[in-house]
Amino acid sequence: MRHVHTTTPAANQMLLEGALALSEIEQTGWRIDKGYLDATILEVENRIKEVDQSIRNDPSFVKWRSRYGTNANVASANQIAKLVFGDLGYVCSVRTDRGDRESASKKAMEDIDLPIVKNYLLGNKLRKLHGTYLMGIRREMVEHHGIWLVHPNFNLNTVVTFRSSANAPNVQNMYKREPEYANTLRRCFIPRPGQQFVETDLASAEVKMAANYTLDPVAIKECLDPKADPHKDTAAKLFCMTREEVSKMARFHAKNSFVFAQFYGDYYVNCAKNLWSAIQDLTVNDSEETILQRLAKNGITELGEAPEEGEPRQGTYMAQVRKVEKWYWEKKYKVHTQWKRDWYANYKNDGGIMMKTGFAINGSYSKNDIINYPIQGSSFHQLLWSLPRINAAFRKFKMKSRVIGEVHDSVDVDAPPSERDDVIEVIKQIMTKDLVKAWPWLVVPPVIEAECCPVDRPFADLVGLKEELDGSWVPADLAKWKVKFGNWVLKS
DNA sequence: GCCATCGGCGCG
DNA sequence: AAAGCGCGCCGATGGC
């Protein structure tokens, strides 16, 4: 039986109310520290000049110039690829997306120990910071009653999964993972005078939403058990270790290069390659033994190659990751695997899919797309449903706090310190209690995590909070807070 | 000078 | 069958 899927009235209403909420959020805007921004732009421009000059002073630049003459451009990916992999004879293992050229990406060149390459990659990085982020903010900045603001656009009509996107400037992709760049950029954003930033996140939103779709009992149990650490279990399998032998780094790479990759539909060949390069310098936890030695003890001495057909050769890391992949999908999460098969078969039959949140997607998509879209979209819809209600609650309680932005599974608020705990409480009530009542199909309920900055401090100073028994929220690491910012003020 | 495309890279 | 999903944005490049 063929079903033609149509977005439900409830989902359309969510979209409209969400658009209104995002419109309010846009009008509120983000305050900018103009003095800091201007000074930092000059500083970064000077650093770029220095880096560019050291490229031009490099002995290898003679070859670069003889190839390109006056067109030699120290910022050209194509040109440095020709220099490094052509003139200098290095072997490139990464191709561009179309596969017709040698790549000059970080991944392709980070292991090349040449000053000119290091400086090229540094220049790239600084140009991104300067052009995309700092200048992007300055271009969008407007003055309002003596305060400088940007008003980023939040779009609900652009993304295939019915997620949001943001632009002008895009505040959904600001540096976060690298402290140095995160600090430099996030110092641009400051709260309104006397206020502070509060941020709440949905913990593991997509993993939980996947369990809500697949109803895999193993996944559900892990989501509901705060002591479960499935990434550690997977790391132990991947690296032939006990759970105790899994270090933080080993767990990190298992999570990012295997679990998440597999989750989005990658396969063992890519995972094995990425894991193999990640573990080259790692050791077994609390031990001198390297992971490579551990694998060798288990008969694995090389990465190996992707087989043309059939299974990878025994004794290679490819074969090991293939084995873990089979265990992962055919044994551990076999219900999830069956769901993927059924979900895709239904799509092939219907020509579209229906999300549990009421949004329909029709058209021609790959298997990976069809499996990922409902999970990505529905995770965000938890937030979309909540945003107008958060705005309404702030109004109802006559609060001065304002939502200023949203990053798919997190909400950013500019709040007076007296309202800090109330802000978190309001969001917690809506996103973890009201929402579960409205959507009874949520077998894995959402959980909120919270962070905040000190009063009058920029976004760079976000610190994790934990909830006390009395319902107040305090820094998870009070000692660290005290060293950085002085005494923690409960309520002011 | 304008436009479209590509490579590259930031975030969830 | 396909081979990790979704975005926005910059600078380089090449055609007009």
Side-chain angles (χ1 to χ4, degrees), chain A residues 48 68 71-81 94-110 120-121 123-137 139-140 152-178 181-182 185-186 201-202 204-207 209-210 256-274 306 325 340-341 344-345 347-348 361 364-380 383 405-410:
Chain A
I48 291 171
Y68 292 102
N71 289 327
N73 180 350
V74 296
S76 165
N78 196 23
Q79 290 185 14
I80 193 161
V94 184
R95 313 291 296 181
T96 58
D97 271 353
R98 283 193 309 186
D100 59 343
R101 272 192 272 168
E102 286 159 324
S103 166
S105 64
K106 187 177 162 209
K107 197 172 183 311
M109 303 203 302
E110 64 190 344
Y120 168 79
L121 290 174
N124 250 3
K125 192 106 186 154
L126 292 171
R127 255 180 280 275
K128 176 123 183 154
L129 171 63
H130 176 263
T132 299
Y133 294 104
L134 299 174
M135 294 303 280
I137 294 167
R139 187 173 55 244
E140 299 298 335
N153 300 314
F154 289 93
N155 316 297
L156 279 180
N157 61 334
T158 54
V159 183
V160 62
T161 61
F162 296 96
R163 244 201 196 178
S164 66
S165 74
N167 70 304
N170 183 357
V171 286
Q172 291 181 327
N173 70 348
M174 296 189 308
Y175 291 106
K176 183 162 194 180
R177 298 164 191 168
E178 293 167 285
Y181 287 87
L185 177 60
R186 287 170 179 252
D201 292 76
L202 284 171
S204 309
E206 287 202 17
V207 171
M209 189 51 73
N256 288 305
S257 294
F258 185 86
V259 177
F260 285 165
Q262 289 280 333
F263 191 80
Y264 289 129
D266 204 354
Y267 75 138
Y268 74 95
V269 172
N270 283 335
C271 295
K273 282 183 192 161
N274 291 335
E325 182 185 69
K340 288 197 284 193
R341 274 198 281 271
Y344 186 59
Y347 161 73
K348 292 302 271 185
I361 297 178
S364 175
Y365 299 98
S366 73
K367 181 175 180 184
N368 281 344
D369 288 345
I370 283 305
I371 288 162
N372 290 326
Y373 286 175
I375 297 167
Q376 182 186 103
S378 303
S379 301
F380 169 69
L383 201 125
E406 152 268 306
V407 193
H408 312 306
D409 65 357
S410 67

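Residue numbers begin at 1 in each chain, while the letters A, B, ... track the order of the sequences. These figures come from a predicted structure and were not determined experimentally.
- The side chain of A:S105 contributes no N or O atom lying less than 4.0 Å from OP1 or OP2 of B:dG8.
- One can place OH of A:Y120 at 7 Å from P of B:dC9, the figure rounded to the nearest angstrom.
- Contact annotation for A:S164: no contact, since no heavy-atom pair falls under 4.0 Å across all strands.
- Atom pair A:L134:CG and C:dG11:P shows a separation of 12 Å (rounding to whole Å applied).
- Residue side chain A:K128 does not reach the base of C:dC10 through any donor-acceptor N/O pair under 3.5 Å, judged by distance alone.
- For A:S103, a side-chain nitrogen or oxygen approaches OP1 or OP2 of B:dG8 to under 4.0 Å.
- A:L185 has its side chain within reach of A:I137: a pair of non-hydrogen atoms, C-beta onward, lies under 4.5 Å apart.
- Computed from coordinates, the A:N124 CG to C:dC9 C1' distance equals 14 Å when rounded to whole Å.
- No contact: A:Y181 has no heavy atom under 4.0 Å from any strand.
- Which of B:dC11, C:dG11, B:dG10 sits closest to the side chain of A:A75 comes down to C:dG11.
- Across all strands shown, A:A205 has no heavy atoms under 4.0 Å from either base or sugar-phosphate atoms.
- Proximity of A:N274 to A:K107: side-chain heavy atoms (C-beta onward) are separated by under 4.5 Å at one or more points.
- Atom CD1 of A:I137 and atom P of B:dG10 are 16 Å apart (whole Å).
- Here C:dC5 is the nucleotide among C:dG11, C:dC5, B:dC9 with the atom lying nearest to any side-chain atom of A:N372.
- Comparing B:dG8, C:dG6, C:dT13 by their closest approach to the side chain of A:S76 singles out C:dT13.
- Among the atoms of the strands shown, base atoms are found under 4.0 Å from some heavy atom of A:R177.
- You'll find the side chain of A:Q172 reaches within 4.5 Å of the side chain of A:E406, heavy atoms only.
- Side-chain contact check for A:H408 versus A:Q376: every heavy-atom pair is 4.5 Å or farther apart.
- Checking B:dG8, C:dC10, B:dG7 against every side-chain atom of A:R101, the shortest atom distance belongs to B:dG7.
- Atom CD1 in A:I370 sits 14.0 Å away from atom NZ in A:K340 (nearest 0.5 Å).
- With B:dG12, B:dC9, C:dG6 as the choices, the nucleotide that has an atom nearest any side-chain atom of A:D369 turns out to be C:dG6.
- The side chain of A:V407 approaches B:dG12 more closely than any other nucleotide in the set C:dG8, B:dG7, B:dG12.
- Using a 4.0 Å heavy-atom criterion, one finds that A:K176 contacts the sugar-phosphate atoms exclusively.
- A:Y264 has no side-chain polar atom (N or O) that falls below the 4.0 Å cut-off from OP1 or OP2 of C:dG6.
- Side-chain contact check for A:E206 and A:Y264: at least one donor-acceptor pair (N or O, by modelled atom type) lies under 3.5 Å.
- For A:R98, counting side-chain heavy atoms from C-beta on, the closest listed nucleotide (C:dC7, C:dC10, B:dG7) is B:dG7.
- Among the atoms of the strands shown, none is found under 4.0 Å from any heavy atom of A:V269.
- Taking only side-chain nitrogens and oxygens, A:N73 comes nearer than 4.0 Å to OP1 or OP2 of C:dA12.
- Put simply, the side chain of A:N170 and the base of C:dG8 share no donor and acceptor less than 3.5 Å apart.
- Among the nucleotides B:dG12, C:dA1, C:dA12, the one closest to the side chain of A:K367 is C:dA1.
- Among the heavy atoms of the strands lying under 4.0 Å from A:S165 are primed sugar atoms or P, OP1, OP2 only; no base atom is included.
- Contacts of A:Q262 with the nucleic acid, taken as non-hydrogen atoms under 4.0 Å apart, are absent.
- Among the heavy atoms of the strands, none lies under 4.0 Å from A:R95.
- Not one side-chain nitrogen or oxygen of A:K107 sits closer than 4.0 Å to the OP1 or OP2 atom of B:dG8.
- Between the CD1 atom of A:I370 and the P atom of C:dG6 there is a distance of 10 Å, given to the nearest Å.
- The base of C:dC5 sits within donor-acceptor range of the side chain of A:Q376, with an N or O pair under 3.5 Å.
- Put simply, the side chain of A:L126 reaches to within 4.5 Å of the side chain of A:Y181, judged on heavy atoms.
- For the pair A:L121 CG and B:dG10 C1', the computed distance is 16 Å after rounding to whole Å.
- For the pair A:N167 CG and C:dG6 C1', the interatomic distance rounds to 15 Å; values are reported in whole Å.
- Atom pair A:M109:CE and B:dG7:C1' shows a separation of 12 Å (rounding to whole Å applied).
- Comparing A:D266 and A:T158 against DNA chain C, the residue whose closest nucleotide sits nearer the 5' end is A:D266.
- Across all strands shown, A:Y267 has heavy atoms under 4.0 Å from base atoms, whether or not it also approaches the sugar-phosphate.
- Aromatic ring pairs are classed by plane angle as parallel below 30°, tilted from 30° to 60° and perpendicular above 60°; the pair A:Y373 and A:Y365 is perpendicular.
- A:D100 comes within 4.0 angstrom of the backbone, heavy atoms only, and of no base.
- Of the candidates C:dC10, B:dG12, B:dC9, the closest approach to any side-chain atom of A:R163 belongs to B:dG12.
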